[in-house]
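Keep in mind that what you see is a predicted model, and the values were worked out from it rather than measured.
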Amino acid sequence: MAECPAAIRFGITGCADIARKLAPNATLYAIASRSIDKARKFAAHNGLSGAVKIYGSYEQLLDDPCVDAVYMPLPTSLHLQWAVLAARKKKHLLLEKPTALDVGELDRILEACESNGVQFMDGSMWLHHPRTAKLKDLIFDPKLFGQTDFIRSTSTLPGTQDFLESNIRVKPNLDALGALGDVGWYCIGAILWAKDYKLPIVVNALPDVVRNSAGVILSCSASFHWEPADKTVATSHCSFLSHTSMDLAMTGSNGSLHCNDYIIPYQENSASFDYTSGATFVELHIGWNVKPEEVTVTSELPQEALMVQEFARNAENIRKFGNRPDSKWPDISRKTQLVLDAVKKSIDLGCKPVKL
């Protein structure tokens with residue numbers, strides 16, 4: 001067998017655009033689809049190198065000893081089966097969100113990764129953008145931002161008639177969590193991120209839930225509450241029925257910030273947010289005494305490539321130095337899934353509060 005390259009070799013189960021956004025320390029080694037024809041068409045359409053192996057089944061890709069890691073953008077209902085098998089085959093796992101149908105399934109996936117010594121990470125790419133680190137520096141500065149009082153996150157998109165009738169994200173046998181799992185994952189993840197992953201004690205879905213005829217959630221909102229000593233309140237709204245939005249707004253005792261594109265920046269190489277501090281109204285309340293400051297952060301790579309870079313770095317440290325997988329990423333995923341499950345339970349109970 002020819003010597004394999006030093007970069008982490010990725011296999012992709014399913015045909016996903018991330019194939020064009022790999023990092024310098026990762027290489028696309030193989031793709032697999034349920035049919036060899038579909039995999040070949042994807043390779044041709046994306047101009048993939050002839051060196052990329054093409055498989056007509058997921059099993060063949062997972063059985064390839066040269067595949068180090070797998071990116072898995074399959075429907076959520078298939079995650080448990082294929083993610084566990086990938087871990088048992090010693091493949092590091094970059095799993096699309098939502099990670100599972102519920103935390104019980106995710107725990108089985110994480111246990112397989114842990115027992116086989118492979119890295120787990122979900123596909124929340126916005127966490128890897130340098131703007132996200134800049135935002136975190138600000139909100140945890142007690143002088144500039146102070147105590148966090150309120151968090152609001154939204155993630156919405158305008159589903160076309162074709163999307164609402166035939167997309168896998170509205171099919172109960174493929175992605176039963178609907179908008180809550182697909183775009184709500186970002187909303188809940190952003191709220192937990194802003195609280196440094198401190199879990200709320202009560203989650204309450206709001207009575208604006210919209211489902212399709214199959215019972216899949218198309219739109220919903222929720223509120224999140226922490227213990228009485230922590231005065232933070234958060235709300236989320238996710239939907240397939242609204243104009244595109246990706247808003248994150250936070251208010252603290254000393255400042256406030258607004259980010260209107262927190263999931264996918266308006267531009268790939270530059271992203272910004274607005275920050276206001278010391279704001280009050282001028283005399284007669286005819287205006288403000290300050291305007292928001294626009295904070296801009298540049299990025300040398302797309303955030304998807306930065307995500308892959310971090311994931312591949314962890315995989316390389318395991319391969320080269322015998323390190324244990326970084327537990328940060330599975331912990332983040334599990335907490336997000338746990339809170340998402342609570343929102344779903346609240347919806348199923350008729351929007352009653354659910355304690356965590």
Side-chain angles (χ1 to χ4, degrees), residues 4-12 15-29 31 45-49 51-52 68-73 92-97 119-141 144-145 153 155 185-186 189-190 193-194 196-197 244 246-248 250 257-275 292-321 323 325-326 328-329 332-333:
C4 294
I8 295 298
R9 302 174 297 273
F10 268 81
I12 299 179
C15 298
D17 287 339
I18 200 172
R20 294 175 291 172
K21 293 188 177 181
L22 291 181
N25 60 345
T27 185
L28 180 59
Y29 180 81
I31 61 171
H45 177 73
N46 288 276
L48 299 183
S49 163
V52 175
D68 300 310
V70 174
Y71 171 59
M72 192 171 289
H92 302 287
L93 182 62
L94 181 56
L95 184 63
E96 258 311 330
K97 50 78 200 163
Q119 183 65 53
F120 175 92
M121 183 184 286
D122 77 54
S124 299
M125 63 279 186
W126 75 277
L127 291 173
H128 304 269
H129 196 287
R131 176 179 60 181
T132 306
K134 184 70 173 178
L135 280 164
K136 195 148 201 174
D137 287 343
L138 177 60
I139 65 174
F140 285 98
D141 187 314
L144 293 176
F145 196 77
S153 64
S155 182
W185 182 273
Y186 293 121
W193 165 86
D196 205 24
Y197 296 98
T244 302
M246 299 177 175
D247 298 339
L248 177 62
M250 297 180 59
L257 64 83
H258 294 82
C259 184
N260 296 321
D261 58 346
Y262 78 97
I263 301 169
I264 300 174
Y266 293 133
Q267 301 177 65
E268 197 166 75
N269 60 354
S270 178
S272 64
F273 62 92
D274 288 342
Y275 166 68
E293 172 192 356
E294 184 178 18
V295 180
T296 301
V297 181
T298 59
S299 180
E300 294 182 1
L301 292 172
Q303 60 182 6
E304 295 91 344
L306 293 170
M307 174 180 69
V308 171
Q309 185 176 61
E310 171 67 14
F311 178 79
R313 185 183 300 118
N314 288 326
E316 175 63 15
N317 287 338
I318 293 168
R319 179 173 71 179
K320 190 172 182 179
F321 303 111
N323 290 6
D326 187 347
K328 169 185 173 180
W329 301 109
I332 286 173
S333 301

Determine the minimum heavy-atom distance between [X] and [Y], stating which atoms define it.
| X | Y | answer |
| --- | --- | --- |
| S333 | W185 | O-CH2, 3.6 Å |
| I332 | L127 | CG2-CD1, 4.4 Å |
| I139 | F145 | O-CD2, 3.7 Å |
| L301 | L306 | O-CD1, 3.8 Å |
| Y262 | W126 | O-CB, 3.2 Å |
| A305 | L22 | CB-O, 4.1 Å |

Below 4.5 Å, heavy atoms only, C-beta onward: do [X] and [Y] meet side chain to side chain?
| X | Y | value |
| --- | --- | --- |
| N314 | H92 | no |
| M307 | L94 | yes |
| I263 | M125 | yes |
| H128 | F311 | no |
| Y266 | N260 | yes |

Taking [Y]'s backbone N and O only, do any of them form a donor-acceptor pair with [X]'s side chain (distance below 3.5 Å, no angle check)?
| X | Y | value |
| --- | --- | --- |
| N25 | Q309 | yes |
| R131 | S272 | yes |
| H258 | D274 | no |
| D122 | L95 | no |
| N46 | L48 | no |
| Y275 | L144 | yes |

*Count the heavy atoms of every other residue, nucleotide or ligand shown that sit under 6.0 Å from NZ of K136, and state whether that count exceeds 12.*
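Yes - once you tally the heavy atoms of other residues, nucleotides and ligands closer than 6.0 Å, there are more than 12.
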[atom1] of [X] to [atom2] of [Y]: how many Å apart, nearest 0.5 Å?
| X | Y | atom1 | atom2 | value |
| --- | --- | --- | --- | --- |
| F273 | L138 | CZ | CG | 5.5 Å |
| T132 | D137 | OG1 | CG | 11.0 Å |
| H129 | I264 | NE2 | CD1 | 11.5 Å |
| N323 | R313 | CG | CZ | 12.5 Å |
| R9 | D68 | CZ | CG | 3.5 Å |
| D326 | M121 | CG | CE | 7.5 Å |

*Would E316 and R319 pass as an ion pair if we require N to O under 4.0 Å?*
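A salt bridge is present here (some side-chain N lies under 4.0 Å from a carboxylate O).
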*side chain to side chain contact (heavy atoms under 4.5 Å, CB included) between Y71 and V308, intermediate numbers included*: CA-CA 9 Å; Y71 171 59; V308 171; over 6 Å; no
